[in-house]
*Asks:* 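There's a structure below that I have some questions on.
The figures that follow rest on heavy atoms only: side chains count, while hydrogens, waters and symmetry mates do not.
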Amino acid sequence: QRLFPWNDRPVSTARPHGVFQNGFDLVDDGGAVVAVFHGSVWSEKGTVTAGSSTWDFGRQGGGLFRLSGPGGEVASARRTGMFSSTWDVAYDGRVGTLVRRGFWMSRYELCDPAGGVVGEVAQDGVFGRALDVRLPDHLAPQTQAFLAAVVLTLLNRARRSSASTSATT
């Protein structure tokens, strides 16, 4: 038995669209694009497309992200406290948490209600822009793209914050 069986799952990759663009193609381990996130460069919103359907991704306030479509909300992530790096997530009829791990390489673990790790979204390398996405196969492609988009948005926030801090010192 492996220590971290969730780490054996196939890796999808969130491949960035371009240097001056905020978005990615979520590509499975076979090379097929399963979902696309088109984010705004100027604000924390965008769209997720999987198959022929499109959902709206957006921030409401400082601590809530939502993915919604014609049928209503599909997924959400709510920060647990003002300075917390933990997010309560609701997706596909399930609940859990998204918890930041790592210092040099940003990694967020998806945990079930009991705290067990069921997947992760991690930055691909210290300076990489791509994301390694290891999430359960039962998650819908739009949900996987939503979780990756939340992590990408949080990484972009951290980059902007550190850039503005270094510019003022």
*Asks:* If Ile, Leu, Val, Met, Phe, Trp and Tyr residues are connected whenever their side-chain heavy atoms lie under 4.5 Å apart, and connections chain through other members, are Leu155 and Phe146 in the same group?
*Replies:*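 Same cluster: Leu155 reaches Phe146 through Ile, Leu, Val, Met, Phe, Trp or Tyr contacts under 4.5 Å.
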*Asks:* Counting C-beta onward and ignoring hydrogens, is there a side-chain heavy-atom pair between Glu44 and Asn156 closer than 4.5 Å?
*Replies:*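 Side-chain contact under 4.5 Å: no.
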*Asks:* Would Leu131 and Thr13 satisfy side chain to side chain contact (heavy atoms under 4.5 Å, CB included), going step by step from the backbone distance to the final call?
*Replies:* CA-CA 6 Å; Leu131 299 174; Thr13 303; over 6 Å; no
*Asks:* Is there a side-chain contact between Leu98 and Tyr91 (heavy atoms, below 4.5 Å)?
*Replies:*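 The answer is no, as the side chains (C-beta and beyond) never meet within the 4.5 Å cut-off.
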*Asks:* In terms of ring plane angle, is the pair Trp87 and Phe65 parallel, tilted or perpendicular, where the classes change at 30° and 60°?
*Replies:*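 Ring orientation, 0 to 90° scale: tilted.
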*Asks:* Can you tell if the side chain of Leu152 reaches within under 4.5 Å of the side chain of Asn22, non-hydrogen atoms only?
*Replies:*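 Yes, side chains in contact.
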*Asks:* Report the distance from atom CG of Leu110 to atom OG1 of Thr97, rounding to the nearest 0.5 Å.
*Replies:*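 Reported to 0.5 Å precision, the distance equals 7.0 Å.
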*Asks:* Output the distance between atom CZ (Arg101) and atom OG1 (Thr86), rounded to the nearest 0.5 Å.
*Replies:*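 Here the rounded value is 7.0 Å.
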*Asks:* For Ser85, what residues pass the side chain to side chain donor-acceptor pair (under 3.5 Å) criterion, not counting sequence neighbours?
*Replies:*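 Ser85: no side chain to side chain donor-acceptor pair (under 3.5 Å) contacts found.
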*Asks:* Looking only at heavy atoms, what is the nearest atom pair of Val34 and Pro141, with distance?
*Replies:*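 That would be O-CB, 3.6 Å.
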*Asks:* Kindly compute the distance separating CD (Gln142) from CG (Leu147), expressed to the nearest 0.5 Å.
*Replies:*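 Gln142 CD to Leu147 CG: 11.0 Å, rounded to 0.5 Å.
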*Asks:* Looking only at heavy atoms, what is the nearest atom pair of Phe57 and Ala149, with distance?
*Replies:*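 Shortest heavy-atom separation between Phe57 and Ala149 comes out as CE1-CB, 3.9 Å.
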*Asks:* For a 4.5 angstrom cut-off between non-hydrogen side-chain atoms, does Asp88 reach Val95?
*Replies:*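 Side chain of Asp88 against side chain of Val95, heavy atoms only: no contact under 4.5 Å found.
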*Asks:* Roughly how far, to the nearest 0.5 Å, is the OG1 atom of Thr49 from the CH2 atom of Trp55?
*Replies:*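 The distance works out to 8.0 Å.
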*Asks:* Given a cutoff of under 4.5 Å between side-chain heavy atoms of I, L, V, M, F, W and Y, with clusters grown through shared members, what are the other residues clustered with Leu64?
*Replies:*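 Leu64 clusters with nothing; isolated.
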*Asks:* Leu26 and Leu154: same hydrophobic cluster, using ILVMFWY side-chain contacts below 4.5 Å?
*Replies:*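 Looking at the clustering, Leu154 is in the same group as Leu26.
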*Asks:* Give me the atom names and distance for the closest heavy-atom approach of Phe24 to Ala145.
*Replies:*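 Result for this residue pair: CZ-O, 3.6 Å.
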*Asks:* Determine whether a donor-acceptor pair (N or O, by modelled atom type, separation under 3.5 Å) exists between the side chain of Asp92 and the backbone of Arg94.
*Replies:*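 No; zero donor-acceptor contacts below 3.5 Å.
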*Asks:* Would one find more than 12 heavy atoms of other residues, nucleotides or ligands at under 6.0 Å from atom CZ of Arg78?
*Replies:*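 No - once you tally the heavy atoms of other residues, nucleotides and ligands closer than 6.0 Å, there are 12 at most.
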